[in-house]
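Everything below concerns the one structure shown next.
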Amino acid sequence: MDTSLPKIDQFLATLDSAVADGSFVRLALRLPFGADETLKSVDVKPATIRGELKLSFTFHHQTRDLVQNHPPAGAIGQLKRLMEKDFRQAFLFTTAFDLQFDSQGKSPRLKHTEPTSKASASLEHDRAKARPIPAAGKAWLTELGVTGADGTVLKAAGDKFRQINRYVEILGPLLKAIPEDRLRRVVDMGSGKGYLTFAVADYLASKCMLSTEVVGVEFREDLVKFCNETAEATGVSNLSFSQGTIESFDSTGADVLIALHACDTATDDAIAKGIAAGSELIVVAPCCHKQIRREIETSNRGTELDFLMKHGIFVERQAEMVTDAMRAMILEHFGYSTKVFEFISDVHTPKNVLIVGTKTKRGKDASQLRKLADAKAFFGIRRHYLEDVVGL
């Protein structure tokens with residue numbers, strides 16, 4: 001170390017050498033004093049990203065963390081700016097020694113100490129994420145074309161695998177909140193190829209250790225046959241599939257009602273089935289919103305939103321929001337607490353809104369019908385299809 005250099009440059013030169021010889025473990029910036037009062041600390045570690053060594057910065061703000069990755073040369077310059085303008089202390093940890101920089105007081109100081117750890121840093125950038133449905137060891141994922149025989153997620157199925165796990169991450173706590181004696185039967189309306197149906201059945205059996213019956217309802221007979229054969233072949237014994245329409249299915253005893261991407265009013269049919277069954281939980285991801293869009297477009301009622309509604313794309317989005325908000329009102333009228341939110345990035349699927357209704361003990365809420373009537377009057381909507389199927 002060149003002791004003729006300023007202390008901050010001696011510190012950074014030591015870091016540069018540690019990165020070069022592989023002894024660098026991590027670095028921490030503490031005691032903030034900069035203009036950004038939300039920035040509390042910064043941690044830096046080495047990481048191999050796409051085959052190149054980078055220094056990965058995690059900026060810890062008051063309400064969020066931000067990550068930046070820099071090549072070592074650029075990282076040194078970034079650290080110097082942070083140490084001069086934002087933090088009074090810096091701690092360098094290597095396998096040979098620790099070095100502390102402290103700029104408090106009249107002049108900066110350096111302090112060498114024995115290494116906190118002699119173990120080399122892991123260069124893994126992304127830790128393996130603990131998923132509710134892991135890729136390995138799930139034969140049904142292989143049969144559904146999500147993973148290969150070795151349990152590796154297929155390149156073309158990455159989005160589907162993330163989508164499956166995001167569904168289960170959301171559903172898991174909701175399912176666990178239901179007492180076991182009121183979680184005897186889950187019905188997935190419009191189950192399609194059964195990705196989520198299999199995932200829910202697997203999660204309930206392997207993670208929750210429950211013998212809950214899971215039923216997928218699907219109109220296409222070939223898919224029902226395929227899914228039943230797959231469930232039997234892969235040992236998912238608590239799962240079966242039934243051929244038929246959502247409208248005709250007898251939902252009696254459905255403690256949980258799921259419908260993902262049931263088109264247009266089929267989502268309303270599914271919600272109505274859940275309400276009729278007194279389901280503890282109703283979860284739907286709507287697809288298409290044609291019925292209310294037609295109502296809005298044919299109403300010829302001028303509103304303050306006409307400047308938006310002259311553009312087709314805004315009419316479509318407005319129809320989606322109005323349709324789903326009204327669905328939430330009707331659920332709340334029947335004693336459900338509701339949440340409407342985006343459950344997965346639209347990078348993976350544009351059908352990314354989830355409506356969750358959780359049954360409460362408060363009974364019907366007539367005020368929701370008044371709000372529904374006001375909304376219909378404002379948009380010129382005569383009837384919401386869900387009103388008809390629930391008998392309002």
Side-chain angles (χ1 to χ4, degrees), residues 131-154 156-172 174-176 178 180 182-262 266 270 273-274 277 279-285 349:
R131 298 184 183 275
I133 303 296
K138 301 295 181 183
W140 60 268
L141 281 174
T142 302
E143 292 300 315
L144 295 182
V146 178
T147 62
D150 60 353
T152 301
V153 177
L154 300 177
D159 283 351
K160 178 60 68 177
F161 181 68
R162 284 187 288 272
Q163 191 182 49
I164 289 169
N165 274 282
R166 182 59 180 148
Y167 282 139
V168 179
E169 285 171 0
I170 292 170
L171 283 174
L174 297 170
L175 293 171
K176 287 181 177 180
I178 301 173
E180 186 175 338
R182 299 208 296 271
L183 186 54
R184 295 156 299 186
R185 194 175 195 224
V186 175
V187 176
D188 183 5
M189 296 290 199
S191 54
K193 197 175 178 180
Y195 295 105
L196 180 63
T197 332
F198 274 90
V200 171
D202 186 307
Y203 179 82
L204 286 166
S206 63
K207 298 290 186 181
C208 301
M209 304 302 174
L210 296 175
S211 57
T212 304
E213 177 192 11
V214 180
V215 179
V217 179
E218 172 54 44
F219 180 72
R220 290 164 288 185
E221 192 171 353
D222 58 330
L223 287 180
V224 173
K225 182 175 183 292
F226 167 77
C227 288
N228 276 324
E229 290 174 350
T230 300
E232 183 176 359
T234 58
V236 187
S237 58
N238 59 327
L239 175 61
S240 64
F241 291 81
S242 176
Q243 193 275 326
T245 64
I246 295 174
E247 188 178 6
S248 64
F249 184 77
D250 182 0
S251 63
T252 303
D255 297 308
V256 176
L257 194 292
I258 301 168
L260 301 176
H261 305 154
K273 290 291 183 179
S279 300
E280 296 290 326
L281 180 66
I282 298 173
V283 180
V284 297
T349 174

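Just so it is clear, the model here is predicted, and its values are computed rather than measured. Numbering of residues begins at 1 and proceeds along the displayed sequence.
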Using the side chain to side chain contact (heavy atoms under 4.5 Å, CB included) rule, pick out the option among D188, V215, T197, V217 that qualifies with F241. T197

For the side chain of T147 and the backbone of T152, is there at least one donor-acceptor N/O pair under 3.5 Å apart? no

For A201 against L239, the heavy-atom pair lying closest together: CB-CB, 4.0 Å

Between CD1 of I258 and CG of L281, what distance do you get to the nearest 0.5 Å? 7.5 Å

CD1 of I246 to CZ of F219, rounded to nearest 0.5 Å, is 11.5 Å

The side chain to side chain contact (heavy atoms under 4.5 Å, CB included) partner of Y195 among L260, L141, L144 is L144

Quick one, V256 and V283 - any side-chain contact, counting heavy atoms below 4.5 Å? no

Within 6.0 angstrom of F226 CZ, more than 12 heavy atoms from elsewhere: yes

Rounded to the nearest 0.5 Å, what separation is found between the OG atom of S240 and the CD atom of E232? 11.5 Å

Write down the atom of E218, the atom of V224, and the distance for their closest heavy-atom approach. O-CG2, 3.4 Å

Between A277 and S251, which heavy-atom pair has the shortest distance, and what is it? CB-O, 3.3 Å

What verdict does the side-chain contact (heavy atoms from CB on, under 4.5 Å) test give for V186 and E213, after you've listed the backbone C-alpha separation in whole Å, the side-chain angles of each residue and the deciding distance to 0.1 Å? CA-CA 6 Å; V186 175; E213 177 192 11; over 6 Å; no

Counting distance only, does the side-chain N/O of N165 pair as donor-acceptor with the main-chain N or O of R131 below 3.5 Å? no

Side-chain heavy atoms of D202 within contact of K138, under 4.5 Å: yes

Check whether any side-chain heavy atom of E280 lies under 4.5 Å from a side-chain heavy atom of L183, and answer yes or no. no

Is there a donor-acceptor pair closer than 3.5 Å between any side-chain N or O of K176 and the backbone N or O of C208? no

Determine the minimum heavy-atom distance between V146 and A157, stating which atoms define it. O-CB, 3.6 Å

Got a salt bridge between D255 and R184, using NZ or NE/NH1/NH2 to carboxylate O under 4.0 Å? yes

Please round to the nearest 0.5 Å and tell me the distance separating atom OG of S248 and atom CD of Q243. 8.0 Å

Judged by atom type as modelled, is there a donor-acceptor pair below 3.5 Å linking the side chain of N238 to the main-chain atoms of T212? yes

Roughly how far, to the nearest 0.5 Å, is CG of L196 from CG of L171? 6.0 Å

Residues K225 and E221 bridged, charged N to O under 4.0 Å: no

Closest non-hydrogen atom pair between S242 and F249, with its separation: OG-CE1, 4.1 Å

Heavy atoms only: give me the nearest P132-K207 pair and the separation to one decimal. O-CE, 3.2 Å

Would you say the side chain of D159 lies within less than 4.5 Å of the side chain of Q163, judging by non-hydrogen atoms? no

Spacing of CD belonging to E169 relative to CG belonging to L174, to within rounding of 0.5 Å: 12.5 Å

Short question: side chain of S279, backbone of G274 - any donor-acceptor pair under 3.5 Å? yes

